[in-house]
A.B. asks: 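Submitted below is the structure of interest, expressed as structure tokens.
We name chains A, B, ... by the order of the sequence lines, and we start the count at 1 in each one.
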2 protein chains.
Amino acid sequence: MPSASARSHREILSDLLTRIVDDEFVPGATLPSESALAQSYGTTRGTVRRALAGLQTRGLLTPVQGSGWVVRSSRQHQSFDELRSFAQWARGKRMVPGGRVHAADFGEASAYEARRLRIGVRSRVLRVTRVRTLDGRIVMLERTCYPEWIADRVATIPGDEASVVEALSRDFGVITAHADHAMDVVAVSSTDAELLGVRRGGPLLRVRRVSCTPGGAPIEYGEDRYLPDTVTFVVSASRSSTALSRSVAD
Amino acid sequence: MPSASARSHREILSDLLTRIVDDEFVPGATLPSESALAQSYGTTRGTVRRALAGLQTRGLLTPVQGSGWVVRSSRQHQSFDELRSFAQWARGKRMVPGGRVHAADFGEASAYEARRLRIGVRSRVLRVTRVRTLDGRIVMLERTCYPEWIADRVATIPGDEASVVEALSRDFGVITAHADHAMDVVAVSSTDAELLGVRRGGPLLRVRRVSCTPGGAPIEYGEDRYLPDTVTFVVSASRSSTALSRSVAD
DNA sequence: CAGTGGTCTAGACCACTCA
DNA sequence: GAGTGGTCTAGACCACTGA
């Protein structure tokens, strides 16, 4: 039953989410009508629709005009924070994230890095290479490039800090609001092979990423290389709700 | 300047989109306030906000509370149809899609296929293997599994049909409304090697996909294997708008 | 045809940003 | 403190579904 106190769209979303995850509404079933929900939550259709739209975006519901809202899945997708941070994602999965910094050096931005970070070519940047582990097993090689405005702050973060994202937010108030990801596949290079402890030529999933502040200022350009059988990226797409796109490799 | 006739949220969205793509508003710039836009389009804030939310989902805009809507990018993301259909995507990129059916056989659903398609184990399914080309070059190997309710209709589609998705919609009225994608990386198997014309052991980007009707009925389970340097998947994520998630490979 | 979601209006108050 | 986006209300009409 609905929480009598749920009036904001967030509360309604979280209440419906709980009820779906708890199988009160199973996949394939139709929810009560928007008007009925509005009445039972003591609010209006507009507010209920905001909550439903949120669950649609998360891939749990789909609207069928003239019929009702159908439960599409009861599997909860991950939050943006979990997507953004390796450590937060790992903890959400009850796994122990670890890793070590292999190298951290200042240098000049390449043309590619400069374009991604929207800074001048040859501006000062900090490049950090980390090897990431899950439950002690190596899963990923991460190369990150930070623009000068944040580089000095990043440099003070200890090499064994599990979550750089958390540290940036906690210690410096720098928050990630957006991230663009590009996913493709590459072969293991000689350098990769040494750091990851695998043979050359094998498959790696590469994720290139630019994270930005709420104002749109790029915080970092990162390139992650995952070993096979370690992670899968899942995208739930529908006509009106996803920003996934497929593009020609450049 | 705004089209005087733009009154629905779709029209406003498309007008703003044009103005952003045409660099009337460049990345980093702030749009006129919601109230100002509402007035100039002859509508209300609510309608304008729907349009803005759509552009946010597409990764073009981001709201900054107390300040305004900031242009984040002027690169247009692809539509759901382009994501869904290899042929439509290729045409959007001005490339020529091609391919041939290598095998098409009826068989019994495996436990995995049955779970994905929400049908009984050992139900009758149609399995089709296609090799896909772009501008004549082999880029992808596609294995698709169709449940019985649609299999006979799929079987009538010619092997050289460029877009199965289009054919299903055009000839049978079967429309894809959702698709869940899981992306990871695998090594080239001996079978793959033969069909794709590459050596064993190299990297392939694997995309597993379940497409559903508006009512949520699975239409197909597909597994695509892309050669390196052919496609990249791009995801634009923010705190409130994307369904991308990262999960442990199973 | 009754009931559903899709859309739009017109207003209100709040939280936040920035000069 | 003026102006911005964030939220919510209370209603209206439309397009569509399904019995």
A.B. asks: Residues in side-chain contact (heavy atoms from CB on, under 4.5 Å) with A:D171, at least two apart?
C.D. replies: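 Applying side-chain contact (heavy atoms from CB on, under 4.5 Å) to A:D171 gives A:A167.
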A.B. asks: Is any side-chain nitrogen or oxygen of A:S33 closer than 4.0 Å to OP1 or OP2 of C:dT4?
C.D. replies: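 Yes, within the criterion.
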A.B. asks: Could you check whether any side-chain N or O of A:S169 sits under 3.5 Å from a backbone N or O of A:V165, counting only pairs where one atom can act as donor and the other as acceptor?
C.D. replies: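 No, A:S169 side chain to A:V165 backbone: no donor-acceptor pair under 3.5 Å.
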A.B. asks: Show the atom names and distances, to 0.1 Å, of all donor-acceptor pairs under 3.5 Å that link a side chain in residues 62-69 of chain B to residues at least two apart or in another chain.
C.D. replies:
{"residue": "B:T62", "atom": "OG1", "partner": "A:H178", "partner atom": "NE2", "Å": "2.5"}
{"residue": "B:W69", "atom": "NE1", "partner": "B:E34", "partner atom": "OE2", "Å": "2.9"}

A.B. asks: Write down the distance between CD (A:E11) and C1' (D:dT7), rounded to a whole number of angstrom.
C.D. replies: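 That distance rounds to 13 Å.
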A.B. asks: For A:I12 and D:dT7, give me the distance from atom CD1 to atom P, rounded to whole Å.
C.D. replies: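 To the nearest whole Å, that distance equals 13 Å.
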A.B. asks: Report the residues that fulfil salt bridge (Lys or Arg N to Asp or Glu O under 4.0 Å) with B:R91, sequence neighbours left out, ordered by chain and then residue number.
C.D. replies: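 Counting only residues at least two positions away or on another chain, B:R91 forms a salt bridge (Lys or Arg N to Asp or Glu O under 4.0 Å) with B:E166.
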A.B. asks: Rounded to the nearest angstrom, tell me the gap between atom CH2 in B:W69 and atom P in D:dG5.
C.D. replies: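 After rounding, the reported distance stands at 8 Å.
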A.B. asks: Please report, to 0.1 Å, the donor-acceptor pairs under 3.5 Å made by any side chain of residues 209-217 of chain A, with sequence neighbours excluded.
C.D. replies:
{"residue": "A:R209", "atom": "NH1", "partner": "A:E220", "partner atom": "OE2", "Å": "2.4"}
{"residue": "A:R209", "atom": "NH2", "partner": "A:D224", "partner atom": "OD1", "Å": "2.9"}
{"residue": "A:R209", "atom": "NH2", "partner": "A:D224", "partner atom": "OD2", "Å": "2.8"}
{"residue": "A:S211", "atom": "OG", "partner": "A:R84", "partner atom": "NE", "Å": "3.2"}
{"residue": "A:S211", "atom": "OG", "partner": "A:E220", "partner atom": "OE2", "Å": "2.9"}
{"residue": "A:T213", "atom": "OG1", "partner": "A:G215", "partner atom": "N", "Å": "3.4"}
{"residue": "A:T213", "atom": "OG1", "partner": "A:G216", "partner atom": "N", "Å": "3.4"}
{"residue": "A:T213", "atom": "OG1", "partner": "A:A217", "partner atom": "N", "Å": "3.1"}

A.B. asks: Just checking B:R49: base, sugar-phosphate only, or nothing, at a heavy-atom cut-off of under 4.0 Å?
C.D. replies: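 Since a base atom lies under 4.0 Å of B:R49, the category is base.
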A.B. asks: Round to a whole Å and report the spacing from CG of B:L37 to C1' of D:dT4.
C.D. replies: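 Distance check: B:L37 CG to D:dT4 C1' gives 12 Å.
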A.B. asks: Rounded to whole Å, how long is the line connecting atom CD of A:Q56 with atom P of C:dG5?
C.D. replies: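 That distance rounds to 13 Å.
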A.B. asks: Treating primed atoms plus P, OP1 and OP2 as sugar-phosphate and everything else as base, which nucleotides of nucleotides 9-19 of chain C get B, S or - for protein heavy atoms under 4.0 Å?
C.D. replies: BS-B--BBB--
A.B. asks: Does D:dT7 have OP1 or OP2 under 4.0 Å away from a side-chain N or O of A:R10?
C.D. replies: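 Indeed, a polar side-chain atom of A:R10 lies that close.
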A.B. asks: With sequence neighbours left out, what residues match A:E161 under salt bridge (Lys or Arg N to Asp or Glu O under 4.0 Å)?
C.D. replies: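 Counting only residues at least two positions away or on another chain, A:E161 forms a salt bridge (Lys or Arg N to Asp or Glu O under 4.0 Å) with A:R170.
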A.B. asks: Can you measure B:H9 atom NE2 to C:dG5 atom C1' for me and round it to whole angstrom units?
C.D. replies: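 Atom NE2 in B:H9 sits about 13 Å away from atom C1' in C:dG5.
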A.B. asks: Provide, to the nearest angstrom, the distance between the CG atom belonging to B:L52 and the C1' atom belonging to D:dT4.
C.D. replies: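 Whole-Å distance recorded here is 13 Å.
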A.B. asks: Tell me the interatomic distance from A:Q39, atom CD, to C:dG3, atom P, rounded to whole angstroms.
C.D. replies: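 In whole Å, C:dG3 P and A:Q39 CD are 14 Å from each other.
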